[in-house]
K.L.:
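Encoded as structure tokens, here's the structure I'll be asking about.
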Amino acid sequence: MRVVSLVPSASETLLAWEVEPVAVTKFCELGDRYPTVGGTKDPDLDAIVALRPDVVVMCDQENRRPDADALIERGVAIHVIRIAALADVGPQMAAMAKAVGVDESFGWACAATVDPLPEIRHVAFVPIWKRPWMTIGGPTYGGSLLRALGISLVANENDDRYPTIDPDQARELGASIVLAPTEPYPFAERHRTVLESVAPTLFVDGQDLFWWGVRTPAALRRLRVQLNG
């Protein structure tokens, strides 16, 4: 099938399934291996249509509804992935597998098998942006993954997926650890001083924390080891 992927997580998973997309986004980190059609929020719709894809893989959180509607209006089939929790990965990946013409068991293999929910050990501040400072809230894949590891969030009771909370507020909300991911904002050692003003800080792989799909089971294991360490 001719598949265009507008979601980095989906691109990674498709390649693991030996489904080579005819185009991806510039954020899929595949170098010059495949043609790119813009970003997740600003795809080149004309270029996508010209590729005559059988299906365009999209995500309700990373892509925009107007772009999906525009593709449908131009006769392009789309498949939309909706993942808000760890439990969504298996069924959503099975549905994507069916949409791109591969065995649905490939999708179910992405499901993470975890032990019963452990006792909460830490309350984490997980910054994802600066100016303004933003973090992840409870109804997110990353939040769900951390809960499976015994980590709650300073914004856990907030209905907003990505609330605005700065380091001072995170400290007041009782953060006992800061988990600073490498994306979407590239937090690194140069930020340690301000982050350590909140709580002891651990830098984590942003893709392991936020990219779902074929990497989910291994990402869960890697994060567990890092947190236990």
Side-chain angles (χ1 to χ4, degrees), residues 1-85 88-104 106-107 110 128-132 134 136-137 139-142 160-162 164 181-186 205-216 219:
M1 294 184 69
R2 295 179 61 80
V3 181
V4 171
S5 172
L6 299 183
V7 192
S9 303
S11 298
E12 178 182 62
T13 299
L14 289 169
L15 288 173
W17 295 347
E18 299 184 352
V19 175
E20 297 208 11
V22 295
V24 296
T25 77
K26 62 185 179 183
F27 299 117
C28 291
E29 299 189 8
L30 295 174
D32 58 358
R33 292 172 57 191
Y34 302 96
T36 57
V37 286
T40 55
K41 298 292 192 292
D42 57 349
D44 185 335
L45 301 182
D46 290 335
I48 294 171
V49 173
L51 287 167
R52 298 177 291 104
D54 294 304
V55 64
V56 176
V57 175
M58 306 182 76
C59 171
D60 66 338
Q61 291 194 45
E62 296 190 51
N63 305 122
R64 302 185 320 128
R65 178 64 180 269
D67 293 326
D69 291 342
L71 288 171
I72 292 171
E73 288 175 5
R74 298 176 69 171
V76 177
I78 67 170
H79 177 77
V80 180
I81 300 165
R82 296 178 173 85
I83 293 181
D88 297 330
V89 175
Q92 286 291 300
M93 292 298 92
M96 184 175 81
K98 183 177 180 180
V100 301
V102 300
D103 193 319
E104 291 177 45
F106 287 10
C110 297
I128 58 170
W129 206 253
K130 291 179 63 181
R131 296 184 296 274
M134 297 175 67
I136 58 172
T140 58
Y141 169 76
D160 190 349
R161 287 175 171 172
Y162 307 107
T164 301
T182 54
E183 65 171 60
Y185 186 92
D205 186 333
Q207 293 183 2
D208 275 355
L209 188 53
F210 299 126
W211 287 31
W212 36 254
V214 70
R215 78 164 45 227
T216 294

K.L.:
Quick one: list whatever passes side chain to side chain donor-acceptor pair (under 3.5 Å) with Trp211, sequence neighbours left out.
P.N.:
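Trp211 satisfies side chain to side chain donor-acceptor pair (under 3.5 Å) with Glu183 only.
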K.L.:
Under 3.5 Å, side chain of Asp208 to main-chain N/O of Asp205, donor-acceptor pair present?
P.N.:
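Side chain of Asp208 to backbone of Asp205: no pair is present.
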K.L.:
Taking Ser5 for its side chain and Val24 for its backbone only, find out whether a donor-acceptor pair lies under 3.5 Å.
P.N.:
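Such a contact is absent between Ser5 side chain and Val24 backbone.
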K.L.:
Taking only residues two or more places apart in sequence or in another chain, which ones pass side-chain contact (heavy atoms from CB on, under 4.5 Å) with Pro186?
P.N.:
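Applying side-chain contact (heavy atoms from CB on, under 4.5 Å) to Pro186 gives Arg190.
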K.L.:
Would you please name every residue forming a side-chain contact (heavy atoms from CB on, under 4.5 Å) with Ala85, sequence neighbours left out?
P.N.:
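Expected list: Asp88, Ser144.
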K.L.:
What pairs of residues pass the side chain to side chain donor-acceptor pair (under 3.5 Å) test when at least one of them lies in residues 27-36, not counting sequence neighbours?
P.N.:
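Those involving residues 27-36 are Glu20-Tyr34, Glu29-Gln207.
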K.L.:
Kindly write out the residues that satisfy side chain to side chain donor-acceptor pair (under 3.5 Å) with Ser9, not counting sequence neighbours, or none if the list is empty.
P.N.:
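Residues passing side chain to side chain donor-acceptor pair (under 3.5 Å) with Ser9: none at all.
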K.L.:
I'd like to check the side chain to side chain donor-acceptor pair (under 3.5 Å) partners of Arg65; sequence neighbours left out, ordered by chain and number.
P.N.:
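Applying side chain to side chain donor-acceptor pair (under 3.5 Å) to Arg65 gives Asp69.
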K.L.:
Could you list the residues that satisfy salt bridge (Lys or Arg N to Asp or Glu O under 4.0 Å) with Glu62, not counting sequence neighbours?
P.N.:
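Residues passing salt bridge (Lys or Arg N to Asp or Glu O under 4.0 Å) with Glu62: none at all.
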K.L.:
Applying side chain to side chain donor-acceptor pair (under 3.5 Å), can you list everything that pairs with Thr25, at least two apart in sequence or on another chain?
P.N.:
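Residues passing side chain to side chain donor-acceptor pair (under 3.5 Å) with Thr25: none at all.
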K.L.:
Restricting to side-chain contact (heavy atoms from CB on, under 4.5 Å), what partner residues turn up for Thr164, sequence neighbours left out?
P.N.:
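Thr164 satisfies side-chain contact (heavy atoms from CB on, under 4.5 Å) with Pro132, Met134 once adjacent residues are dropped.
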K.L.:
Please determine whether side chain to side chain contact (heavy atoms under 4.5 Å, CB included) holds for the pair Asp103 and Trp17, giving the CA-CA distance in whole Å, both sets of side-chain angles, and the decisive distance to 0.1 Å.
P.N.:
CA-CA 9 Å; Asp103 193 319; Trp17 295 347; over 6 Å; no
K.L.:
Do the non-hydrogen side-chain atoms of Gln92 and Trp212 ever get within less than 4.5 Å of each other?
P.N.:
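When only atoms from C-beta onward are counted, Trp212 and Gln92 do not touch, as no gap falls below 4.5 Å.
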K.L.:
Write down the atom of Pro8, the atom of Cys28, and the distance for their closest heavy-atom approach.
P.N.:
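Heavy-atom minimum between the residues: CA-SG, 3.6 Å.
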K.L.:
For a side chain to side chain contact (heavy atoms under 4.5 Å, CB included) check, start with the C-alpha distance between Phe210 and Ile128, then their side-chain angles and the critical distance, and finish with the verdict.
P.N.:
CA-CA 11 Å; Phe210 299 126; Ile128 58 170; 3.7 Å; yes
K.L.:
Could you give the distance from CG (Leu6) to OG1 (Thr40), rounded to the nearest 0.5 Å?
P.N.:
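Separation between the atoms: 8.5 Å.
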K.L.:
Starting at CE of Met1, measure out to CG of Leu14 and round the result to the nearest 0.5 Å.
P.N.:
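Answer for the CE-CG pair, Met1 versus Leu14, is 10.5 Å.
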K.L.:
Contact between Val3 and Val19 at the side-chain level, heavy atoms closer than 4.5 Å - yes or no?
P.N.:
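Side chain of Val3 against side chain of Val19, heavy atoms only: contact under 4.5 Å found.
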K.L.:
According to salt bridge (Lys or Arg N to Asp or Glu O under 4.0 Å), who are the partners of Asp67, at least two apart in sequence or on a separate chain?
P.N.:
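Applying salt bridge (Lys or Arg N to Asp or Glu O under 4.0 Å) to Asp67 gives Arg64.
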K.L.:
Considering residues at least two apart in sequence or located in another chain, which fulfil the side-chain contact (heavy atoms from CB on, under 4.5 Å) criterion with Lys130?
P.N.:
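Checked Lys130 against side-chain contact (heavy atoms from CB on, under 4.5 Å); matches are Trp133, Tyr185, Phe187, His191.
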K.L.:
Can you tell me how far CE of Met93 sits from OG1 of Thr216, rounded to the nearest 0.5 angstrom?
P.N.:
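Spacing of OG1 (Thr216) from CE (Met93) equals 8.0 Å.
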K.L.:
Any idea which heavy atoms bring Gly142 and Ile136 closest together, and the distance?
P.N.:
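In terms of heavy atoms, the two residues are closest at C-CD1, 3.9 Å.
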K.L.:
Under 3.5 Å, sequence neighbours excluded: what are the donor-acceptor pairs made by side chains of residues 43-61?
P.N.:
from	atom 1	to	atom 2	distance (Å)
Asp44	OD1	Asp46	N	3.2
Asp44	OD1	Ala47	N	3.0
Asp46	OD1	Arg74	NH1	2.8
Asp46	OD1	Arg74	NH2	2.9
Asp54	OD2	Arg2	N	2.6
Gln61	OE1	Tyr162	OH	2.8
Gln61	NE2	Ile83	O	3.0

K.L.:
With rounding to the nearest 0.5 angstrom, report the OG1 to CE distance, Thr13 to Met96.
P.N.:
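The OG1 atom of Thr13 sits 5.0 Å away from the CE atom of Met96.
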